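Comments concern the structure below.
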Amino acid sequence: MAVSSWPRVFPSFFECRSDPEFSGAPKTSGGWQRKPSQSRFFGSRLNSSASAQGAILRFPPNFVRQLSTKARRNCSNIGVAQIVAASWSNNSNPASPPPAAASSSAAAAAAAATEPIAPIGDDVALLGKEVDLKANMCACVWMGLIKEKMGVCVGERFGRGIVTDAITTPVVNTSAYFFKKTSELIDFKEKMGVCVGERFGRGIVTDAITTPVVNTSAYFFKKTSELIDFKEKRKASFEYGRYGNPTTVVLEEKIRHVFVFLFVYCALEGAESTMITSSGMNISTVMLMALVPAGGHLVTTTDCYRKTRIFIENFLPKMGIKATVIDPADVGALESALNENNVSLFFTESPTNPFLRCVDIKLVSELCHKKGALVCIDGTFATPLNQKALALGADLVLHSATKYLGGHNDVLGGCLSGSEKLVTEVRTLHHVLGGALNPNAAYLILRGMKTLHLRVQQQNSTALRMAKLLEAHPKVAHVYYPGLPSHPEHELAMQQMTGFGGVVSFEVDGDLNTTIQFIDSLNIPYIAPSFGGCESIVDQPAIMSYWDLPQSERLKYGIKDNLVRFSFGVEDFEDLKADILQALEAI
């Protein structure tokens, strides 16, 4: 964009006047005394016809009126300025003001001229990336005035930078960008015409507070020599979207560091590596196929997510893989399976779905390692905050990031953490099969993890209090929750968990229809699958997960018609309590 074209964007009801410096020097009849450096920017770049002393943008009266007092004092409302600016730019005849503005501009200009103009300092905010300067110039200047006046640029200036050779331009989800010096802003504007191309002008380094979203399917190399260096591992880079993405790598490192922090706190080794895929089931199936060889043997438990059981029972046998299924607490059955078979892997949830059974992770790890078998624990119901499976001896820990990690019921994902060697084995197969996590999903999980500890604390507390209340209620036949002394693995849970999660399963005193009546009488929770999000969710497993099976088949897995699985969100405990009590009274 040519610099000489900038003045044309401002309608005639903008007043560009020569004013002196804003630094607080005494005001004279001609205005404030000016610092000579001001003319360097505004005089030469905004209005070539202005005096040598510099042109100061004077916003029209309707601009001030459309911005609330709060918007003018609070930089978080900069969007108002941008919207107003864009509406002026989109006018079909920008050289002339709207009729209403034209009729009142003369009278209002005199009043507006008496309003002081805040100083423009070295930090000027720019809204958006590669913005249309015509649409946003006045918003940027206005924002610069607010930021300097309010001092909101204190701290948080030098943050993360993502450099990428993605073919497409990354999405940087941030409300504003900063310049360290006014000279940087000037350089940016002078070079806008050079950097508009997307090939060599876009390796993006950003000071955005949030992680940029890199939406691309492939990455390019500037020269063939760079590609050869990459292939021969002399250069680190991305190549194809299925093999990696800058946004998802940030998420993998964030999850890995969650485990590292937890295990360093325990003075034990943490996760060396983490990989993220498109869903919890995707990471589970890829892990099983990567670590159990054709013709191999694995051990799993009776209580587990049904789709995992279906994959183990119906699909792995096609590869010649056999499975031994044991009760989560039956250590003797595990020892027999290890002695009688060449077991490659023991895979289980802990707590399990939906009865929240717990496995002695330390004990089973010791038994399996003596026989050369690996141990992978699905810790989704526990969260990495409540249970440290790797610290207890497991080789790998798996999570459905859809649940607590994402935490907002708006994204699918799955992750696996453990040693570099094992994770690399799984990652190699993952690159072949696909199931890559979308970078937008990675961004949502990154956002969710920022509040993980706050949400889990609330959910732990609510679920434990509600489990005790339900257990004492005459219309509840049984409650399954590891935090209750009545749970078969309560003592074990007390040893290996610091919290018991936000899910409580219980059986209503009644049949299928009575349980349906209870669920339909609830007002707060959603009737839906999944768990671990901010919103409470309730479901009847006999219908939600096992409705395709006759009742007799459901009972083989312990699924009674009156079973309820309740995932508590972050709503107020008293509200949830009142809702559940009134629903129980309705049956």
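What you are looking at is a predicted structure, and each value in this text was computed from that prediction instead of being measured.
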Residues [X] and [Y]: side-chain donor-acceptor under 3.5 angstrom:
{"X": "T277", "Y": "N282", "result": "yes"}
{"X": "N339", "Y": "S336", "result": "no"}
{"X": "D303", "Y": "N353", "result": "no"}
{"X": "E507", "Y": "N562", "result": "no"}
{"X": "N440", "Y": "N438", "result": "yes"}

Do the side chains of [Y] and [X] get nearer than 4.5 Å, heavy atoms only?
{"X": "F347", "Y": "V292", "answer": "no"}
{"X": "K403", "Y": "S530", "answer": "yes"}
{"X": "D360", "Y": "V331", "answer": "no"}
{"X": "L522", "Y": "V538", "answer": "yes"}
{"X": "L416", "Y": "T274", "answer": "no"}
{"X": "L396", "Y": "S417", "answer": "no"}

How many angstroms lie between atom [atom1] of [X] and atom [atom2] of [Y], to the nearest 0.5 angstrom?
{"X": "F518", "Y": "D509", "atom1": "CZ", "atom2": "CG", "answer": "12.5 Å"}
{"X": "T211", "Y": "L446", "atom1": "OG1", "atom2": "CG", "answer": "5.0 Å"}
{"X": "L437", "Y": "T247", "atom1": "CG", "atom2": "OG1", "answer": "9.5 Å"}
{"X": "T424", "Y": "H431", "atom1": "OG1", "atom2": "NE2", "answer": "9.5 Å"}
{"X": "L576", "Y": "E571", "atom1": "CG", "atom2": "CD", "answer": "5.0 Å"}
{"X": "H487", "Y": "M494", "atom1": "NE2", "atom2": "CE", "answer": "13.0 Å"}

Tell me whether R234 is salt-bridged to D229, with the criterion being a basic N under 4.0 Å from an acidic carboxylate O.
yes

- salt_bridge(R427, E252) N-O dist < 4.0 Å: yes

Who pairs with [X] by salt bridge (charged side-chain N to carboxylate O under 4.0 Å, His left out), at least two apart in sequence or on another chain?
{"X": "E553", "value": "K556"}
{"X": "D327", "value": "R357"}
{"X": "D539", "value": "R565"}
{"X": "D548", "value": "R306"}

For [X], check side-chain contact (heavy atoms from CB on, under 4.5 Å) against everything at least two apart and list the hits.
{"X": "L444", "result": "D410, V411, R447"}
{"X": "A586", "result": "S521"}
{"X": "L512", "result": "I516, Q540, I543, W547, D561"}
{"X": "L469", "result": "M466, K577, L581"}

Derivation and outcome, side-chain contact (heavy atoms from CB on, under 4.5 Å), residues S278 and L412: CA-CA 6 Å; S278 57; L412 298 178; over 6 Å; no

### Message
Working note: Y546 + Y557, criterion side-chain contact (heavy atoms from CB on, under 4.5 Å); need CA distance, chi angles, decisive distance, verdict.
### Response
CA-CA 10 Å; Y546 290 86; Y557 301 109; 4.0 Å; yes

Contacts satisfying salt bridge (charged side-chain N to carboxylate O under 4.0 Å, His left out) that involve residues 491-505 (not counting sequence neighbours) are none

By side-chain hydrogen bond (donor to acceptor under 3.5 Å, both in side chains), T383 pairs with (sequence neighbours left out) none

Open item on the list: Is it true that, when you exclude Y526 itself, more than 12 heavy atoms of the residues, nucleotides or ligands shown sit nearer than 6.0 Å to its OH?
Closed with: no

Open item on the list: Are more than 12 heavy atoms, taken from residues, nucleotides or ligands other than N342, located less than 6.0 Å from that residue's CG atom?
Closed with: no

Verify, without hydrogens or angle tests, whether [X] (side chain) and [Y] (backbone) share a donor-acceptor contact under 3.5 angstrom.
{"X": "E272", "Y": "E420", "value": "yes"}
{"X": "T402", "Y": "G413", "value": "yes"}
{"X": "S567", "Y": "S536", "value": "no"}
{"X": "T462", "Y": "F568", "value": "no"}
{"X": "N341", "Y": "V343", "value": "no"}
{"X": "K475", "Y": "L584", "value": "yes"}
{"X": "E340", "Y": "E335", "value": "no"}
{"X": "E489", "Y": "C358", "value": "yes"}
{"X": "H430", "Y": "T428", "value": "no"}
{"X": "Y404", "Y": "A382", "value": "no"}

Parallel, tilted or perpendicular, as decided by the 30° and 60° cut-offs, for the rings of [Y] and [X]:
{"X": "F566", "Y": "F506", "answer": "parallel"}
{"X": "Y481", "Y": "F500", "answer": "perpendicular"}
{"X": "F221", "Y": "F230", "answer": "tilted"}

For [X] and [Y], which heavy atoms make the closest approach, and how far apart are they?
{"X": "L334", "Y": "I326", "value": "CB-CD1, 3.8 Å"}
{"X": "G569", "Y": "Q458", "value": "O-CG, 4.4 Å"}
{"X": "Y219", "Y": "P246", "value": "OH-CD, 3.2 Å"}
{"X": "I276", "Y": "A401", "value": "CD1-CB, 4.4 Å"}
{"X": "P328", "Y": "T352", "value": "CG-CG2, 4.4 Å"}
{"X": "E471", "Y": "S486", "value": "OE2-OG, 2.5 Å"}

**Asked** Would Q387 and V397 count as a side-chain contact (heavy atoms from CB on, under 4.5 Å) if you check the C-alpha gap in whole Å, the side-chain angles of each, and the deciding distance to 0.1 Å?
**Response** CA-CA 10 Å; Q387 179 176 273; V397 62; over 6 Å; no

Atom pairs and distances, side-chain donor-acceptor, residues 374-381, under 3.5 Å, sequence neighbours left out:
residue : atom : partner : partner atom : Å
D378    : OD1  : T380    : N            : 3.0
D378    : OD1  : T380    : OG1          : 2.6
T380    : OG1  : S400    : N            : 2.9

Donor-acceptor pairs under 3.5 angstrom involving side-chain atoms of residues 310-325: please list them, not counting sequence neighbours.
residue : atom : partner : partner atom : Å
T324    : OG1  : H297    : NE2          : 2.7

